[in-house]
> 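The structure that follows is given in the form of structure tokens.
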Amino acid sequence: MPSGTARIAVDLLGGDSAPAVVVDGALRACSADPDLHLLLVGPRETADEVLGALAVHDRERVGVSVVDRTIGMGDSPLRHVRRESTVRAAAEAVYGGRADAMVSAGSSGAVVAASAHVLGRLPGVRRPGLAAHVPTQHGPVLLLDVGVTIDGTMLELVQHAVLGAAYAATALGVSEPRVGLLSIGSEPGKGDRLRKAVAVALHDTVLPAGGRYIGLVEGHDVPLGGPADVIVTDGFTGNILLKGLEGATARQRTAEQGAALLGVTGTVVVCHGSADGPDIASGIALAARLHREGAIPAVAGLADDLLTELSSAGGLTIRDALGERS
């Protein structure tokens, strides 16, 4: 792992079992990484639990941003994101240079909304996507989106293919990443109207880092690996698939938990709402690694021109992609 200080803003109130599991995760992360600095964003008394449990010489590595309000899972992210909350304050810490990255296990909608509003999106990006690492016997598979684009469009899925290929090359070290599109069969033409249109568009899309579109893949290709390094789908299907895999494997822990938010101009990691202490620690470790490797700026460097070009051609519709003319 690259060395160097990594300053991570941690949302103390994010998650189903917060703040207890976040406190546990923060302590685990500090113990595992002596170059890690945390900015704890949340109530003073909760932050004091972390500080009180640390060795005296480690306390200088932990700062506090006192915020008492969170955005609940049932709250409207867009309605509440402009108000003071832990997730917005964490994003503002990254924007203001007080943190290098942020981690939250709170509402993914709130994290995405705050990140896009405060940090900004990459040029041309319609909606960011959450990319999760899925371990397989053939190496990690990157699955995206896993929760943002519930009603994804053709342009958004094609942009996610570009972002996914760039991320696989920079963060996972995959040479010439193979990109597949999740559908109900691997034969050409399988899937609903959206999948058919995206498949046509991806055949004509230049992917970064020498990436190439290899066609349709099925659900079993995600946990087994093999045909693709990056698998693209909409956030509705991706979230259901990811949670199903977690349940089927009893959430067997991997080296890194959490999903990286791609398409914004900062390093953001989202842990699942049911995360426990080790999961939070792993998400913090992922954020620190992405910062130390410069992964997110590298993704932007590889994808910027392609994303802008796709956005300028954003008038392309599903009807056009499928060759349907009125």
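Note that this is a predicted model, so its numbers are computed, not measured.
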> In the structure I gave you, are the side-chain heavy atoms of C271 and V103 within less than 4.5 Å of one another anywhere?
yes

> L242 and A132: which non-hydrogen atoms are nearest, and at how many Å?
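Taking every non-hydrogen atom into account, CD2-CB, 4.0 Å.
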
> Is there a side-chain contact between V148 and E156 (heavy atoms, below 4.5 Å)?
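A side-chain contact is absent here, since even the closest heavy-atom pair is not under 4.5 Å.
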
> Has Q159 got a side-chain atom pairing as donor or acceptor with G129's backbone, closer than 3.5 angstrom?
no

> Where do L224 and T136 land on the side-chain contact (heavy atoms from CB on, under 4.5 Å) test, with the steps shown first?
CA-CA 5 Å; L224 295 178; T136 79; 5.9 Å; no

> Within a radius of less than 6.0 Å around CZ of R61, do more than 12 heavy atoms belonging to other residues, nucleotides or ligands occur?
yes

> H117 and Y95: aromatic ring centres closer than 6.0 Å?
no

> May I ask you to say whether R88 pairs ionically with E84, meaning some side-chain N is under 4.0 Å from a carboxylate O?
no

> Would you list the atom pairs, donor with acceptor, under 3.5 Å between side chains in residues 208-223 and any protein atom, with sequence neighbours excluded?
| residue | atom | partner | partner atom | Å |
| --- | --- | --- | --- | --- |
| D221 | OD2 | E218 | N | 2.8 |

> Give me the atom names and distance for the closest heavy-atom approach of S183 to G191.
OG-CA, 3.3 Å

> List for me each residue that meets side chain to side chain contact (heavy atoms under 4.5 Å, CB included) alongside T233, sequence neighbours excluded, and say none if there are none.
L143, L182, R195, T237

> In the structure I gave you, are the side-chain heavy atoms of D100 and T267 within less than 4.5 Å of one another anywhere?
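The answer is no; the side chains never approach within 4.5 Å.
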
> Can you list the steps and then say if L51 with D48 is a side-chain contact (heavy atoms from CB on, under 4.5 Å)?
CA-CA 5 Å; L51 291 168; D48 285 344; 3.9 Å; yes

> Could you tell me the separation between the CZ atom of R98 and the CD atom of E92, rounded to the nearest 0.5 Å?
8.0 Å

> Is there a path from V41 to L54 through hydrophobic residues (I, L, V, M, F, W, Y) whose side chains come within less than 4.5 Å of each other?
no

> Under a 3.5 Å cutoff, is there a donor and acceptor pairing between the side chains of Y167 and H160?
no

> State yes or no: do L130 and V94 share one hydrophobic cluster built from I, L, V, M, F, W and Y residues joined by side-chain heavy-atom distances below 4.5 Å, directly or via other members?
yes

> I'd like to know if M154 and F236 are part of one continuous hydrophobic network [Ile/Leu/Val/Met/Phe/Trp/Tyr, side-chain heavy atoms within less than 4.5 Å].
no

> Should M102 and V111 count as side-chain neighbours, where that means a heavy-atom distance under 4.5 Å?
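Yes, close enough: below the 4.5 Å cut-off.
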
> Given 3.5 Å as the limit, does a donor-acceptor pair link the side chain of S311 with the main chain of L307, or not?
no

> Are side-chain heavy atoms of D229 and L172 found at a separation under 4.5 Å?
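Not in contact.
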
> Taking all heavy atoms of V50 and all of L27, pick out the closest pair and write down the distance.
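Between these two residues, the closest heavy atoms are O-CD2, 3.6 Å.
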
> Given side chains that start at C-beta, do those of L38 and I284 come closer than 4.5 Å, heavy atoms only?
yes

> Tell me whether S85 contacts the main-chain N or O of R69 through its side chain, where contact means a donor paired with an acceptor under 3.5 Å.
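Looks like no, no N/O pair under 3.5 Å.
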
> Tell me whether D151 is salt-bridged to R127, with the criterion being a basic N under 4.0 Å from an acidic carboxylate O.
yes

> Are L122 and L163 side-chain neighbours, meaning at least one heavy-atom pair lies under 4.5 Å?
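When only atoms from C-beta onward are counted, L163 and L122 do touch, with a gap below 4.5 Å.
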
> Is it true that T86 and D11 share a donor-acceptor pair across their side chains at a distance under 3.5 Å?
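A donor-acceptor contact under 3.5 Å links the two side chains.
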
> Please report the closest heavy-atom contact between G147 and I150, naming both atoms and the distance.
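Reported closest heavy-atom pair: O-CD1, 3.6 Å.
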
> Can you name the residues that form a ring-ring contact (aromatic ring centres under 6.0 Å, His included) with H138, not counting sequence neighbours?
none

